[in-house]
Structures are given as structure tokens and as C-alpha cells.
Protein chains: 2
Amino acid sequence: MARGAQTEMAVLGALGVMPMTGYALRQAILDVLGHFWSESFGQIYPTLSNLERDGLVVRLGSERSTPYSITDAGLERLRALLAEPVQQVPPRNGLLLRLFFGRQLGADACRRLVLDARAEAEQQLAGFDAIRAEIASEPETDVDHPYWLLTISAGEHAARATIAWADECLAELDRIGAAS
Amino acid sequence: MARGAQTEMAVLGALGVMPMTGYALRQAILDVLGHFWSESFGQIYPTLSNLERDGLVVRLGSERSTPYSITDAGLERLRALLAEPVQQVPPRNGLLLRLFFGRQLGADACRRLVLDARAEAEQQLAGFDAIRAEIASEPETDVDHPYWLLTISAGEHAARATIAWADECLAELDRIGAAS
DNA sequence: TGTCTCATGTAATCCGTTACATGATTGG
DNA sequence: CCAATCATGTAACGGATTACATGAGACA
């Protein structure tokens with residue numbers, strides 16, 4: 001799959017849930033997919049233009065704030081994109097890189113980094129609780145909900161793993177700090 | 001921190017452990033930092049040239065395969081880079097994006113994706129065992145080892161979390177598949 | 001009236017991968 | 001001697017962020 005098709009997939013997928021303007025699309029991606037996906041305006045608007053040119057999305061009105069809707073051809077394209085193999089992004093974890101070179105950085109600075117990561121994970125957990133509550137509060141039994149909950153669960157597992165690791169880590173860093 | 005400084009940090013950090021050629025550097029980054037970092041030749045060689053020009057690394061011989069060594073100025077720069085705030089990479093998880101739009105993809109295809117992710121996590125765990133064994137086998141009590149083990153532990157926690165999530169996920173996908 | 005949010009876009013720039021090109025060295 | 005690995009680079013391309021520019025509508 002071409003790398004560019006990733007943005008296309010996210011945009012078509014979101015419009016597959018409900019029609020939206022480009023602006024709302026970005027908000028939705030930030031709020032709902034935020035913990036595992038991101039897109040910037042610089043990607044979204046050109047992508048929407050291309051999709052409209054190719055007849056994969058349409059605007060039902062002519063005003064500025066008319067939302068885009070996905071077409072049948074768009075749905076077909078979305079399904080084709082989703083079926084393509086997952087593309088691995090090369091990992092780049094700044095925290096672990098710093099810890100790996102922790103001897104140069106010093107045990108104290110490492111502790112602070114790990115504490116920050118732990119706090120961030122706690123915040124993520126709180127955020128997931130809020131999203132769960134919001135999903136549960138929606139009246140109709142949405143057919144998408146079960147899938148959405150799978151992604152939330154992934155985030156929760158990851159965050160809890162981070163917290164457990166951080167606690168081990170802090171204990172170990174105390175030992176290292178005391179020894180040096 | 002400028003984004004470009006990331007590669008500089010990884011290269012200086014690796015040379016802070018031991019002198020290496022550019023080629024060996026790439027192998028080391030692939031083998032040792034592979035689960036949380038990556039660099040390509042296209043980044044490594046220009047970076048090495050710049051570092052040499054700035055006196056942060058030197059080559060002690062003049063032949064092709066002379067390893068680069070970090071200088072005192074280089075060590076200083078490394079410590080400064082490590083002390084800068086961690087830079088978050090925008091998340092892009094193709095698996096979770098597909099699951100989120102799972103209704104379009106279908107429960108069966110989702111199952112396959114999750115199974116793949118689970119298998120990959122198992123492989124990672126096996127890889128971490130191998131690295132742990134290798135580190136433990138090194139004779140001298142290396143002052144870097146405790147820090148390296150922290151990063152391994154992070155990988156293990158993440159991989160185990162992925163496996164636990166995948167198992168829950170598969171059960172839930174069975175339920176979804178049966179209902180539809 | 002002025003500021004905030006909604007809304008759409010473009011251009012510069014940066015990062016990073018990929019592909020290509022070249023040649024030395026080593027081991028079978 | 002031939003293949004694989006070691007070793008060094010460069011050029012093209014693509015993708016993504018960032019900053020900039022513009023303007024409408026709401027509301028205080």
C-alpha cells in the first residue's frame with residue numbers, strides 16, 4: 001500500500017461513520033482516534049479535494065460549511081484499503097532512547113522521565129474512562145461501538161503496562177542511584 | 001529540540017558506548033535498539049559527516065573501516081541532547097485504525113489482524129529473552145547494563161499487554177461475529 | 001466592536017526512506 | 001574466483017508538520 005493511502009483510509013473511515021466538514025474531521029480524529037492516530041490540516045484538506053475529484057466523497061450543499069459524505073464508490077475503496085496489510089511505522093521512542101543512555105543522563109534525570117511517563121499514562125486512563133462513559137451514554141445501540149471499545153481496551157492495556165513498568169523502573173533506578 | 005537532533009542523539013549515544021563504523025552503527029541500532037528506535041543509512045552517514053566536521057566524533061585511522069569515536073565535546077553535546085524534553089511522535093497505529101473501522105472490514109478479517117499482532121508480540125518476547133541471555137553472558141559487570149535492562153523490561157511489559165489485549169479481543173470478536 | 005471558534009486552504013520546510021552506485025574484504 | 005558481507009555515500013522522492021493567509025459567523 002502506498003504510504004499516502006493511510007490518510008485516505010482515515011478520512012474515508014471517519015466519513016463512513018457520519019458526514020463531516022474537514023474541520024470537524026480533524027476534531028474527530030484528534031478526540032476519538034487521538035490515542036492511536038493523527039492527521040494535520042495540511043493532509044486532510046488536500047485529501048478531501050482528491051477524494052471529491054475521484055467521486056469517493058460528495059458535498060450535498062454548496063456553502064462553505066457543507067459536510068462531506070462518503071459515496072458508494074468511497075465505501076468500496078474504504079473496504080479495499082482496510083483489507084491491505086498493516087504498515088509498520090519505524091519505532092522512535094525518545095523516552096527509551098534516553099533511558100538506554102541513562103548512564104550519561106544520570107539516574108535522577110531518568111527517574112523524572114519515568115515519572116512523567118507514568119503520570120501521562122494515568123491521564124490516558126482517565127481519558128479512556130471518559131470516552132467509555134460517553135459511548136455508553138449514547139442512546140441507540142450503535143453497530144460501531146463494539147469495535148470502538150476494542151481500541152479503547154488496547155489503550156487501557158498499554159497504559160496499565162506503562163504504569164506497572166514505571167513502578168518497577170523507579171525501584172530499580174533507586175537501586176542504581178544508591179550504588180553510584 | 002530540532003527534530004534532526006534525534007538522529008544525532010542516537011548516533012552519539014551509541015558511540016558513547018563503544019567506537020563503531022557507520023555500518024556497525026546501523027547494525028547495532030537495528031539489533032539492540034530495534035524495538036524502540038530506528039535509523040537508516042541515509043541518515044547515519046550524513047550525520048556522522050556533520051559530527052566529524054564539528055569535532056564531536058573522530059576517526060583514529062585513515063582507512064575505510066576505521067571506527068568513529070566520540071570526543072569530549074561529543075560527550076558534552078550528548079548529555080545536553082539527552083537532557084532536552086522528550087519529543088512525542090504523532091501516533092499512527094494501522095492495526096487500531098482498522099479495528100476502529102472494523103464494521104466495514106468484517107469481524108473475520110479483524111480476527112486475523114489481531115492474531116497476527118499477538119504472534120508478533122510472542123516473537124518479541126522470545127527476542128527479549130535472547131537479548132537478556134546475551135547481556136547476562138557478558139563477563140564484566142557493565143555499568144550500562146542496568147539501563148539497558150530497563151528498556152528490555154519496557155518491551156516485555158508492552159508485549160505482554162498486547163497478548164492479554166489480543167486474547168480479550170479475540171473473545172469479543174467471536175461474540176460480534178456470532179451476532180452478525 | 002472585537003474576539004473566539006468555525007472553516008478552508010497553500011507553501012515552505014523538514015525528515016526520513018528507498019534506491020542506486022561503488023568498491024574492499026573475506027571465506028568457501 | 002565468486003558470492004556474501006562489510007563499508008560508504010548520494011539523489012530522488014514522498015509524506016507530514018508548521019506556519020501563514022483568509023474569511024465567515026457567533027456572542028459578549
Side-chain angles (χ1 to χ4, degrees), chain A residues 1-11 14-15 19-31 33-34 36-53 57-69 81 84 87-94 97, chain B residues 1-11 14-15 18-31 33-34 36-53 57-69 81 87-94 97:
Chain A
M1 164 158 69
R3 295 272 282 287
Q6 303 268 112
T7 296
E8 216 177 305
M9 181 163 58
V11 168
L15 294 181
M20 275 179 274
T21 65
Y23 188 88
L25 202 47
R26 200 252 188 160
Q27 286 299 339
I29 290 175
L30 207 64
D31 295 344
L33 314 184
F36 63 84
W37 202 262
S38 74
E39 296 288 351
S40 62
F41 280 135
Q43 298 277 105
I44 289 175
Y45 283 115
T47 298
L48 278 172
S49 297
N50 294 340
L51 290 174
E52 191 176 24
R53 170 178 40 93
V57 305
V58 286
R59 312 187 80 164
L60 297 177
S62 55
E63 289 128 60
R64 256 172 88 75
S65 60
T66 306
Y68 290 88
S69 299
L81 286 172
E84 292 198 27
Q87 198 172 317
Q88 308 297 351
V89 283
R92 231 122 201 276
N93 185 321
L97 188 67
Chain B
M1 165 158 66
R3 296 271 282 287
Q6 302 268 113
T7 296
E8 216 178 304
M9 182 164 56
V11 167
L15 295 181
M18 62 183 293
M20 275 179 274
T21 67
Y23 189 87
L25 203 47
R26 198 251 188 160
Q27 286 298 341
I29 290 175
L30 207 65
D31 296 343
L33 314 184
F36 63 83
W37 202 260
S38 75
E39 296 289 349
S40 63
F41 280 135
Q43 297 277 104
I44 290 175
Y45 283 115
T47 298
L48 279 172
S49 297
N50 293 341
L51 290 174
E52 192 176 23
R53 170 179 41 92
V57 305
V58 285
R59 313 187 79 164
L60 297 176
S62 55
E63 288 129 60
R64 258 172 83 78
S65 60
T66 306
Y68 290 89
S69 300
L81 287 173
Q87 198 172 317
Q88 308 297 352
V89 283
R92 229 117 202 280
N93 185 321
L97 188 68

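Order of the sequence lines sets the chain letters (A, B, ...), proteins ahead of strands, with each chain counted from 1.
Closest contact between the side chain of A:T7 and the listed nucleotides C:dT10, C:dC15, D:dA16 involves D:dA16.
Taking A:R64 as the reference, nothing meets the side chain to side chain donor-acceptor pair (under 3.5 Å) condition, with sequence neighbours excluded. A:Q43 meets the side chain to side chain donor-acceptor pair (under 3.5 Å) test with A:T7; sequence neighbours excluded. Residues satisfying the ring pair (Phe, Tyr, Trp, His ring centres under 6.0 Å) test with B:Y45, not counting sequence neighbours, are B:F41. Residues meeting the side chain to side chain donor-acceptor pair (under 3.5 Å) test with B:D31, sequence neighbours left out: none.
Look at B:R59 and you'll find a side-chain N or O under 4.0 angstrom from OP1 or OP2 of D:dT8.
Residue-level contact check: B:T21 touches the backbone only, with heavy atoms under 4.0 Å from sugar-phosphate atoms and none from bases. As judged by a 4.0 angstrom heavy-atom cut-off over every strand, A:G22 is placed among residues touching the sugar-phosphate backbone only. Counting non-hydrogen atoms under 4.0 angstrom, B:S65 reaches the backbone sugars and phosphates but no base. Nucleic acid contact class of A:S38 (heavy atoms, under 4.0 Å, all strands): sugar-phosphate only.
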Side chains of residues 19-30 of chain B: which donor-acceptor pairs under 3.5 Å do they make with residues two or more places apart or in other chains?
{"from": "B:T21", "atom 1": "OG1", "to": "B:Y23", "atom 2": "N", "distance (Å)": "3.4"}
{"from": "B:T21", "atom 1": "OG1", "to": "B:A24", "atom 2": "N", "distance (Å)": "3.1"}

Please list each protein N or O that sits under 3.5 Å from an N or O in nucleotides 22-28 of chain C, with the distance.
{"from": "C:dG23", "atom 1": "N2", "to": "B:R64", "atom 2": "NH2", "distance (Å)": "3.1"}

